Amino acid sequence: MKRAFGNAFTRLLWGGTTLNAVEHRLLERLVAELPPPIRVIAEQQLDAYNLVQREHDGRALNFYRKKNGNPNNMEGLPLLDSRIEEAPVIRLTASIEGFDRPLHAVLTAVHGRIFCMSLSEPAPGNPSASLEVLRVEQSWKANIRLHHADA
């Protein structure tokens with residue numbers, strides 16, 4: 001999974017950022033914990049995104065596919081079959097080396113597209129910090145329909 005969405009010029013132009021090492025590992029773990037039908041869609045969407053913006057408090061990353069002037073262009077990409085407009089997909093709690101309390105992360109979909117990874121507080125930027133997942137909650141079960149028998 002990529003850490004940089006778009007290139008340096010487009011990040012500067014659109015106000016984008018790159019994920020720090022801990023944010024990247026958290027996103028990878030969140031997606032890896034999803035059941036295959038949802039994971040495949042999430043991976044396809046994230047791979048197509050070319051912009052990620054960090055909210056001012058550092059506690060959320062919002063993902064976009066900017067194309068033809070539309071920052072939410074999902075043309076040609078599969079969407080999650082969500083019962084509600086904004087649906088938490090998966091939550092996890094992690095212990096991060098050098099961090100004195102657990103960090104909580106939630107991956108959320110809006111209108112069927114992976115849109116936001118929110119954190120209980122900003123992720124530390126230490127690239128060598130180890131990360132241990134303490135708990136995972138499959139939040140998608142209440143709001144996202146699966147259409148495959150292998151779920």
Side-chain angles (χ1 to χ4, degrees), residues 1-82 84-99 101-140 143-144:
M1 185 166 303
K2 60 188 177 183
R3 282 180 64 179
F5 294 78
N7 58 44
F9 175 73
T10 59
R11 283 191 298 277
L12 179 64
L13 181 67
W14 298 332
T17 189
T18 59
L19 278 59
N20 72 34
V22 172
E23 292 166 339
H24 183 244
R25 286 200 302 277
L26 284 167
L27 182 62
E28 285 182 320
R29 289 302 302 267
L30 285 162
V31 172
E33 294 287 343
L34 292 169
I38 294 174
R39 183 175 56 241
V40 167
I41 292 170
E43 288 172 342
Q44 289 174 341
Q45 290 181 3
L46 287 164
D47 188 51
Y49 294 164
N50 56 7
L51 176 64
V52 62
Q53 293 179 327
R54 184 177 289 110
E55 291 192 8
H56 73 282
D57 64 1
R59 296 177 0 142
L61 295 160
N62 299 321
F63 300 90
Y64 303 92
R65 181 183 190 204
K66 192 163 177 137
K67 185 176 176 184
N68 299 327
N70 179 357
N72 296 314
N73 187 316
M74 299 303 286
E75 182 181 327
L77 292 174
L79 297 175
L80 297 170
D81 186 3
S82 181
I84 60 175
E85 183 177 316
E86 185 173 330
V89 179
I90 190 162
R91 304 170 194 267
L92 70 74
T93 302
S95 171
I96 299 174
E97 178 185 9
F99 218 55
R101 58 194 162 274
L103 184 67
H104 305 278
V106 180
L107 193 62
T108 302
V110 176
H111 297 291
R113 75 176 198 85
I114 299 298
F115 174 69
C116 179
M117 180 175 74
S118 57
L119 307 171
S120 55
E121 53 193 292
N126 181 355
S128 62
S130 64
L131 181 145
E132 177 187 355
V133 174
L134 304 174
R135 184 171 158 244
V136 174
E137 179 186 332
Q138 299 285 339
S139 304
W140 63 269
N143 300 310
I144 297 174

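Below, each value reflects all heavy atoms present in this structure, side chains not excepted, and no hydrogens, waters or symmetry copies. Because the structure is predicted, anything quoted here is derived from the model rather than measured.
The two atoms that bring N62 and C116 nearest to each other are OD1-SG, 3.3 Å, heavy atoms only. Closest non-hydrogen pair, Q53 versus G15, comes out as CG-O, 3.6 Å. When all heavy atoms are compared, the tightest approach of L34 to W140 is CD2-CD1, 4.3 Å. Residues R39 and A32 share a closest heavy-atom pair of NH1-O, 3.5 Å. Looking at every heavy atom in both residues, S130 comes nearest to R25 through N-NH2, 4.3 Å. Among all heavy-atom pairs drawn from P88 and N143, the shortest one is CD-ND2, 4.0 Å.
Looking only at side-chain heavy atoms (C-beta outward), I38 and L80 come within less than 4.5 Å of each other. Annotation: side chain of P124 is in contact with side chain of I96 (closest heavy-atom distance under 4.5 Å). D47 has its side chain out of reach of E43: every pair of non-hydrogen atoms, C-beta onward, lies at least 4.5 Å apart. A heavy-atom distance below 4.5 Å is not found between the side chains of L79 and I41. In this structure, the side chains of Q45 and M74 come closer than 4.5 Å at one or more pairs of heavy atoms. The side-chain heavy atoms of R135 and R91, taken from C-beta on, include no pair separated by under 4.5 Å.
Side chain of R59 to main chain of S120: a donor-acceptor pair is present (N/O by atom type, distance under 3.5 Å, no hydrogens or angles). For E55 (side chain) and S118 (main-chain N/O), no donor-acceptor pair under 3.5 Å exists by modelled atom type. For R29 (side chain) and E132 (main-chain N/O), no donor-acceptor pair under 3.5 Å exists by modelled atom type. No side-chain donor-acceptor contact under 3.5 Å links N68 to the backbone of N70. Judged by distance alone, with hydrogens and angles left aside, the side-chain atoms of R11 form a donor-acceptor pair with the main-chain N or O of G6 at under 3.5 Å.
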Residue pair T10, N50: steps toward the side-chain contact (heavy atoms from CB on, under 4.5 Å) verdict: CA-CA 9 Å; T10 59; N50 56 7; over 6 Å; no
Residues M1, H24; criterion side-chain contact (heavy atoms from CB on, under 4.5 Å); working and verdict: CA-CA 8 Å; M1 185 166 303; H24 183 244; 4.2 Å; yes
Verdict with reasoning, L119 to L26, per side-chain contact (heavy atoms from CB on, under 4.5 Å): CA-CA 10 Å; L119 307 171; L26 284 167; 3.9 Å; yes
Derivation and outcome, side-chain contact (heavy atoms from CB on, under 4.5 Å), residues Q138 and E33: CA-CA 8 Å; Q138 299 285 339; E33 294 287 343; 4.2 Å; yes
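One finds the CG atom of L27 at 8.5 Å from the CG atom of L61 (value rounded to the nearest 0.5 Å). The structure places CG of L131 at 12.0 Å from CD of E23, a figure rounded to the nearest 0.5 Å. Rounding to the nearest 0.5 angstrom, the gap separating the CD1 atom in I114 from the CG atom in L46 is 6.5 Å. The distance from the OH atom of Y64 to the CG atom of N73 is 14.5 Å, given to the nearest 0.5 Å. Note that CD1 of I84 and CD1 of I144 are 8.5 Å apart. Values are rounded to the nearest 0.5 Å. Atoms NE2 and CG, on H111 and N72 in that order, are 9.0 Å from each other to the nearest 0.5 Å.
Geometrically, R113 does not engage F63 in a cation-pi contact defined by less than 6.0 Å to the ring centre and at most 45° from the axis.
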